[in-house]
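All values below come from the heavy atoms of this structure, side chains included, with hydrogens, waters and symmetry mates left out. A, B, ... follow the sequence lines: proteins, then strands. Residue 1 opens every chain.
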Number of protein chains: 2
Amino acid sequence: MLKLTKKADYGLMALKYLAEHPETPALSAKDVADAYGIPAQLLAKILQRLTKTGLLRSHAGMNGGYALARDARQISAYEVILSIDGPFFITSCTRGAKSCDLTPSCTIKEPLARVNDTIAGVLKSISIHDLADREHSDAAPGRDRQGLVTLTV
Amino acid sequence: MLKLTKKADYGLMALKYLAEHPETPALSAKDVADAYGIPAQLLAKILQRLTKTGLLRSHAGMNGGYALARDARQISAYEVILSIDGPFFITSCTRGAKSCDLTPSCTIKEPLARVNDTIAGVLKSISIHDLADREHSDAAPGRDRQGLVTLTV
DNA sequence: ACTATATAGGACCGATCAAGTCGCATATTC
DNA sequence: GAATATGCGACTTGATCGGTCCTATATAGT
Ligand code: SF4
Ligand code: SF4
């Protein structure tokens with residue numbers, strides 16, 4: 001329950017890795033997979049998905065690979081999860097097609113929808129850059145960087 | 001991914017229902033199940049779980065049933081989910097026993113752990129009472145009730 | 001041209017887990 | 001003692017996740 005898929009996990013790791021190597025023009029799926037021990041074929045498909053949704057730019061052939069399509073600051077964890085796992089919903093209803101059959105009688109779907117939005121907001125407030133540049137975290141200048149999320153049930 | 005189990009859903013609904021009927025000494029699992037169309041046997045086991053974790057008080061026999069063990073304000077959604085679905089973790093690692101085998105090389109588990117805490121905080125800030133008393137939401141007095149959650153990746 | 005490298009993507013499989021059912025034991029009230 | 005209700009474990013079914021395999025295509029270097 002409420003568990004991130006490993007695919008999304010891997011995707012985040014890969015994007016972070018790409019963000020940490022801005023000098024290289026492109027890194028292959030195998031490069032990234034080897035760096036962490038992720039199954040190469042699996043990661044390949046994940047990166048393909050991220051490419052199709054526009055988060056990555058790919059280049060086939062030798063010395064090919066993937067590179068971030070945007071600045072790491074402009075890519076949110078939410079987008080990554082969305083790309084890999086599809087629409088983000090914590091409840092079974094709101095899942096377009098075959099939802100929970102007691103949707104009409106349910107009285108908590110509205111409040112839960114708000115919780116859903118809140119969590120989505122948290123994810124949206126996290127960028128790949130945030131994951132990557134951990135080292136300067138404490139040495140950050142006066143204005144501490146922190147996302148404020150308001151939750152009104 | 002990141003989806004609440006229906007069991008937790010049902011549990012929240014049931015608790016809310018109990019919170020809305022404070023006059024009755026106890027409501028049976030069947031009562032609640034019929035009120036929403038939840039499979040009775042399934043809900044029974046959920047309520048038993050909630051009883052075992054101390055969120056509900058049960059009474060067997062005729063006119064028996066369940067009642068909230070505490071005030072609805074003192075029961076958080078987090079506790080409910082925890083009781084029904086077990087420990088709350090969005091990642092596969094930190095799952096005590098058989099975790100992800102690339103835990104050592106993973107570089108995002110720490111940031112994700114912080115996200116985990118943030119989401120847990122959101123859930124903790126929601127009480128059964130919040131789910132139940134929806135009607136006076138807009139008519140609330142000056143100080144608007146809203147949970148502030150700080151997220152520092 | 002040929003080959004090595006790399007992306008693109010479909011088919012498939014096994015393990016796990018959620019959801020729900022069944023059966024039986026126990027407690028309580030009438 | 002019958003009706004009601006909790007308590008609890010075993011079980012079945014279906015979906016989803018994690019992962020593999022196989023093929024097609026694109027590109028760079030020799
Ligand atoms: S309808 Fe109510 S019970 Fe069914 S999934 Fe949505 S929230 Fe959960
Ligand atoms: S170790 Fe990294 S990859 Fe494995 S589960 Fe934890 S976070 Fe996800």
| query | Taking the side chain of A/Lys52 as its heavy atoms from C-beta onward, which of D/dT20, C/dG9, D/dG29 lies nearest to it? | reply | C/dG9
| request: Would you mind reading off the distance between A/Arg57 atom CZ and C/dA8 atom P, rounded to a whole angstrom? | output: 13 Å
| field | Contact under 4.0 Å: B/Tyr10 side-chain N or O vs C/dG20 OP1/OP2 | value | yes
| task | May I ask you to evaluate whether A/Asn63 reaches the phosphate of D/dG29, defined as a side-chain N or O under 4.0 Å from OP1 or OP2? | result | yes
| query | For D/dA28, does OP1 or OP2 lie under 4.0 Å from any side-chain N or O of A/His59? | reply | yes
| message | Does B/Arg57 have more than 12 heavy atoms from other residues, nucleotides or ligands lying within 6.0 Å of its CZ? | response | no
| message | How many whole angstroms separate atom CD1 of B/Ile46 from atom C1' of C/dA18? | response | 11 Å
| Would a 4.5 Å heavy-atom cut-off, applied to side chains only, mark A/Ser83 and A/Leu55 as touching? | yes
| task | Nearest 0.5 Å please: distance from the CG atom of A/Leu68 over to the CD1 atom of A/Ile75. | result | 4.5 Å
| task | Please state how far atom CG in A/Asp34 lies from atom P in C/dT5, giving the value in whole angstrom units. | result | 13 Å
| query | Taking the side chain of B/Gln48 as its heavy atoms from C-beta onward, which of D/dG7, C/dT21, C/dA19 lies nearest to it? | reply | D/dG7
| task | Report which part of the nucleic acid A/Ala29 touches: base, sugar-phosphate, or nothing (heavy-atom distance under 4.0 Å, all strands). | result | sugar-phosphate
| remark: Picking from C/dG23, C/dT7, C/dG20, the nucleotide nearest the side-chain atoms of B/Leu42 would be C/dG20
Run the side-chain donor-acceptor check on residues 38-45 of chain A: report pairs under 3.5 Å with partners two or more places apart or on a different chain.
none

| D/dG18 C1' sits how many Å from A/Leu43 CG, rounded? | 13 Å
| request: Can you check whether any acceptor in the base of D/dT20 is under 3.5 Å from a donor in the side chain of A/Lys45, or vice versa? | output: yes
| Taking for each residue the nucleotide of DNA chain D bearing the nearest heavy atom, is the 5' side occupied by A/Met62 or by A/Thr5? | A/Thr5
| Interatomic distance where CD1 belongs to B/Ile84 and P belongs to D/dC8 [whole Å] | 15 Å
| query | Between B/Leu2 (CG) and D/dC17 (C1'), how many Å, whole number? | reply | 15 Å
| said: Below the 4.0 Å mark, does D/dG7 have OP1 or OP2 next to a side-chain nitrogen or oxygen of B/Tyr66? | reply: yes
| N or O in side chain of B/Ser58 less than 4.0 angstrom from D/dG7 OP1/OP2 | yes
| request: Give the rounded distance in Å between these two atoms: CG of B/Leu47 and P of D/dC8. | output: 13 Å
| query | Distance from B/Leu56 atom CG to B/Leu15 atom CG, nearest 0.5 Å? | reply | 5.5 Å
| field | Protein-nucleotide distance (A/Leu50, atom CG; C/dT7, atom P), rounded to Å | value | 13 Å
